[in-house]
Each structure stands twice: as structure tokens, then as C-alpha cells.
Amino acid sequence: MRTQVVVIGGGPSGLLLSQLLHVHGIDSIVLERKTKDYVLGRIRAGVLEQGFVNLMEKAGVADRLHAEGFEHDGTLIAFDDDCFRIDFNAQTGTPVVIYGQTEVTRDLYEAREAAGGTLIFNTEDVTIHDADTDHPFVTYSVDGQEQRIDADFVAGCDGFHGVSRQAIPLSVRREYEKVYPFGWLGILSETPPVHDELIYSSSRRGFALCSMRNENLSRYYIQCSLSDSPDDWTDSAFWAELKRRIPKTFADHLVTGPSIEKSIAPLRSFVTEPMQWGRLFLCGDAAHIVPPTGAKGLNTASSDVYYLHNALRDYYDHGSRDGIDAYSQNALTRIWKAERFSWWFSSLMHRFPDQSEFDLKIQRAEIDFLRTNTAAQKAMAENYVGLPY
Ligand code: FAD
Ligand code: DHB
């Protein structure tokens with residue numbers, strides 16, 4: 001087979017890139033290791049920046065997002081029983097949109113299928129060849145049959161555990177990493193959200209987050225030990241712990257119910273540099289990970305896709321290599337700012353095992369500064385709603 005761009009990974013990065021390339025008349029083939037149902041069953045992000053929404057519009061897949069997504073003009077920050085609001089609208093004039101990653105992925109799959117795009121599932125042994133030449137190709141097998149696709153470019157959109165990053169030789173690649181000493185236990189439940197905006201709560205017992213998908217679907221997270229497994233937490237133990245970690249006014253009104261999903265995610269900051277090697281480009285979690293506190297994972301994937309699809313369009317439309325040569329630099333400049341924000345917000349809101357009384361006082365002072373200082377609120381809001389690209 002031959003195509004212009006082979007996209008490895010059928011998660012949000014790969015699908016959005018493939019759909020945007022299609023809008024610009026550029027052909028691609030998407031290779032996905034799992035089945036479509038498996039990808040759609042992964043419950044992950046819920047907060048979209050305006051930049052992500054703009055790209056979905058450009059890709060022609062924003063109708064349902066506009067109809068069913070919820071604009072949020074602010075968020076609550078709690079510290080024990082104190083609570084204050086960061087007003088995104090007043091500070092930036094820009095809201096965020098609550099719309100699940102599952103729905104984003106579903107809309108993108110529908111659009112790719114409606115356009116007759118080639119999506120190949122259950123691929124095994126995906127291998128990138130000759131990425132440092134002008135004739136890269138990718139081999140893989142399905143049902144034991146080996147296949148080969150020749151292409152102009154390869155986009156590595158295969159997440160943190162994918163193969164694309166590993167295809168860049170260690171002599172070229174440098175990785176930066178910070179692992180946090182806790183995880184997030186998340187549940188999804190068919191209950192009304194405890195509040196109409198998100199609540200990020202720092203308590204003596206650890207961090208908690210109250211989020212949502214719609215009026216009758218809530219998403220809650222609590223900071224947990226890395227050694228915990230979801231099976232260690234019954235639903236009632238989860239609800240009891242959540243109530244202890246959010247201000248009493250909300251705990252008293254929390255509607256509980258059976259969980260329909262329960263999972264633990266470790267927290268990590270990670271960046272690989274460069275994000276390109278020859279004709280291979282990395283996008284999204286394949287190149288970087290943030291701790292989820294700032295809701296930046298999916299949103300950083302979208303800025304990569306923005307830079308890469310523009311670069312490829314310039315290459316095919318005008319024969320210009322400027323965009324593709326500058327891709328890694330352009331993407332990383334924004335990524336590191338999102339890494340900084342996610343690290344800062346995570347450090348501010350969690351309890352760390354080795355935290356001293358002094359550290360706690362400093363954390364409390366910083367939250368109080370954020371509560372009382374409009375410049376600090378503006379900086380937080382600008383980062384949360386998304387830096388420009
Ligand atoms: P993935 O979603 O990981 O997709 C990669 C795809 O590649 C997968 O489908 C995988 O099966 C496939 N693949 C892997 N290896 C291969 C291979 N060898 N060959 C072929 N295919 C392969 N982000 C936000 O912006 N906001 C949030 O609110 C938010 N909340 C989160 C909450 C949780 C609990 C978690 C875990 C993450 C959250 N994130 C959030 C992060 C966000 O989900 C990720 O950043 C996002 O999924 C990245 O998309 P991606 O397409 O780059 O990678
Ligand atoms: C959600 C996840 C996050 O990491 C976050 O910061 C906000 C919301 C969510 O899944 O709804």
C-alpha cells in the first residue's frame with residue numbers, strides 16, 4: 001500500500017490529524033493496535049480548551065460538541081473547608097468546554113468512516129523503517145499476515161506506550177521525567193454532579209476533584225497510593241473518602257450511586273526531545289505526558305496536531321519545508337509551558353508523603369495568594385483555558 005501520511009495510533013491525536021489532513025486533501029492511513037470499541041471504552045479527559053474546539057470545527061466534527069458540550073466560565077478551588085472561584089470569563093474572556101474524550105473519539109471515528117478513510121485495527125508489530133530517508137515505510141501484521149505501507153511521512157500518535165518514540169535513536173533522543181509519589185483513583189457514576197462547575201480540592205487527607213460529563217453523569221477523582229488497586233476501593237469507601245476531602249457544604253449534598261467505571265492513573269510529567277526525526281513526527285502522549293491536574297493532556301495533543309497538519313499542508317500546497325523543519329521546536333515551546341502549569345497545579349493541590357509542616361504552610365500561603373490576588377488568578381486562568389497557538 002502507499003499513502004501520503006501513515007498515522008500510527010487511533011486515539012484522539014491520530015484521528016484528529018487524519019481528519020484534518022483529509023480536509024486539506026492529504027491522504028492518510030491510521031493503524032490502531034486495539035479495536036474501536038476498546039478505544040471508545042477508555043474513560044479519560046473531560047475538559048477541552050477553545051483551541052481544541054477550534055480544531056474540531058476545522059475538521060468538520062464539532063456539531064455534537066456544540067450541541068452537547070457544556071461551557072464552563074470558571075472553576076472552584078477548595079482548601080479544607082475554604083473555597084473560592086477562579087472566573088475564567090472575567091480573567092480571560094474564554095470558557096473551557098466539558099465534553100468527554102470518548103465522545104471526541106466517537107465523533108472523529110464517525111467522520112473518518114463517513115469520508116471513506118482507511119482505519120486498520122488490531123495491528124501487531126508495527127515497525128517504522130527508514131524514517132531518516134525520503135522513503136519511509138511502515139510494516140505491521142494483522143491476523144499473522146505481514147503488510148507494508150510506503151509513505152511520505154509517518155506520524156507517531158501511539159500514546160506513551162507506543163513504538164514511535166522508540167524509533168528515534170537514543171543518540172538523538174533525550175527524555176525528561178518526573179514521577180509523582182501517588183495516583184488518581186477515578187470513578188464515573190450516573191448521578192448528578194455535586195456542583196455545576198468543577199471543584200479542585202486540596203484537603204488534609206489528599207486531593208480530590210469533582211468533575212462531570214453531563215447533568216446525570218459525574219466523574220470524581222481522589223489522590224490515592226500508588227500501591228492501591230481499584231479493587232481495594234468499594235464504591236462506599238470511595239464516596240466516604242471523597243466526602244472527607246471536599247468542603248462540607250458540597251459533601252452534604254453529594255449524590256452517590258454505583259460506579260460504572262473505576263480506574264487508577266499514575267501521575268507523571270514527561271517530555272521527549274526532539275519530537276521529530278527525519279520524516280517521523282511525534283504527537284500527543286507519544287511525546288509528552290502531564291499529570292492530569294491541569295486537564296492538559298488531550299489539549300497538548302491538539303496543539304501538536306495543529307502545528308503538524310499546518311506544516312504538512314504547507315509542504316503539499318507550496319512545497320515549503322519550513323513548517324516541518326520547525327515542527328518540534330514550535331510544538332515543544334508550548335508543551336513546556338503546559339508541563340510547567342500542570343506541575344505547578346499538581347504541586348499546589350496534592351499532599352506529598354515527605355511534606356513537612358513548613359511545606360504545608362507554604363502550600364497554604366500560595367493557595368491564599370491565589371484566592372486574594374487577581375494577577376495570580378489571571379495567570380492561572382490563562383493557563384487553564386489554554387495558552388494561544
Ligand atoms: P492515546 O489516547 O494514548 O492514543 C494512542 C493510541 O495509539 C491508542 O489507541 C493505542 O491503542 C494506540 N497504540 C499504541 N501503541 C500502538 C502501536 N504500537 N501500534 C498501533 N497503535 C498503537 N487530558 C486533558 O486534556 N483533559 C483532561 O481532563 C484529562 N483527563 C485525564 C484523566 C485521566 C484519568 C487520564 C488517564 C488522562 C487524562 N487526560 C486528560 C490525558 C488524555 O487522556 C491524553 O493526553 C490523550 O488520550 C492523548 O491522546 P493520544 O491520542 O496522544 O494518545
Ligand atoms: C477531568 C480530568 C482532569 O484531569 C481534570 O483536570 C479535569 C477534569 C475529567 O475527567 O473530567
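Ligands are counted one by one from 1 in listed order, and the atoms in each one are counted from 1 as well. When reading the values below, keep in mind they use all heavy atoms of this one structure, side chains included, and skip hydrogens, waters and symmetry mates.
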Side chains of Y384 and T92, donor plus acceptor under 3.5 Å:
no
Measure the distance from atom 25 (O) of ligand 1 to every protein heavy atom, then report the residue, atom name and distance (to 0.1 Å) of the closest one.
L298 N, 2.6 Å
Starting from atom 1 (P) of ligand 1, what is the nearest protein heavy atom, named by residue and atom, and what distance separates them?
R44 NH1, 3.5 Å
Can you find an N/O atom of A301 closer than 3.5 Å to an N/O atom of ligand 1?
no
Between ligand 1 and R219, is the shortest N or O to N or O distance under 3.5 Å?
no
For ligand 1, find out whether one of its N or O atoms is nearer than 3.5 Å to an N or O atom of A265.
no
Just checking, any donor-acceptor pair under 3.5 angstrom between side chains of S269 and Y180?
yes
For ligand 1 and A295, I'd like to know whether there is a polar contact (N/O to N/O, distance under 3.5 Å).
yes
Report yes if K34 has an N/O atom closer than 3.5 Å to an N/O atom of ligand 1; otherwise report no.
no
G162 heavy atoms within 4.0 Å reach ligand 1 at atoms 15 (N)
Quick note on ligand 1: atoms under 4.0 Å from a heavy atom of C157 include exactly 5 (C), 6 (C), 7 (O)
Heavy-atom nearest option to atom 29 (C) of ligand 1, drawn from S342, G294, A45
A45
Polar contacts were defined as any N/O atom of the residue lying under 3.5 Å from an N/O atom of the ligand; does this apply to V126 and ligand 1?
no
Can you name the atoms of ligand 2, numbered from 1 with element, that are less than 4.0 Å from a heavy atom of V47?
7 (C), 8 (C)
Below the 3.5 angstrom mark, is there an N/O of F160, backbone or side chain, next to an N/O of ligand 1?
no
Under a plain distance cut-off of 3.5 Å, with no hydrogens placed, do Y316 and D152 share a side-chain donor-acceptor pair?
yes
I'd like the name of whichever of A295, P292, P291 reaches closest to atom 4 (O) of ligand 2 through any heavy atom.
P292
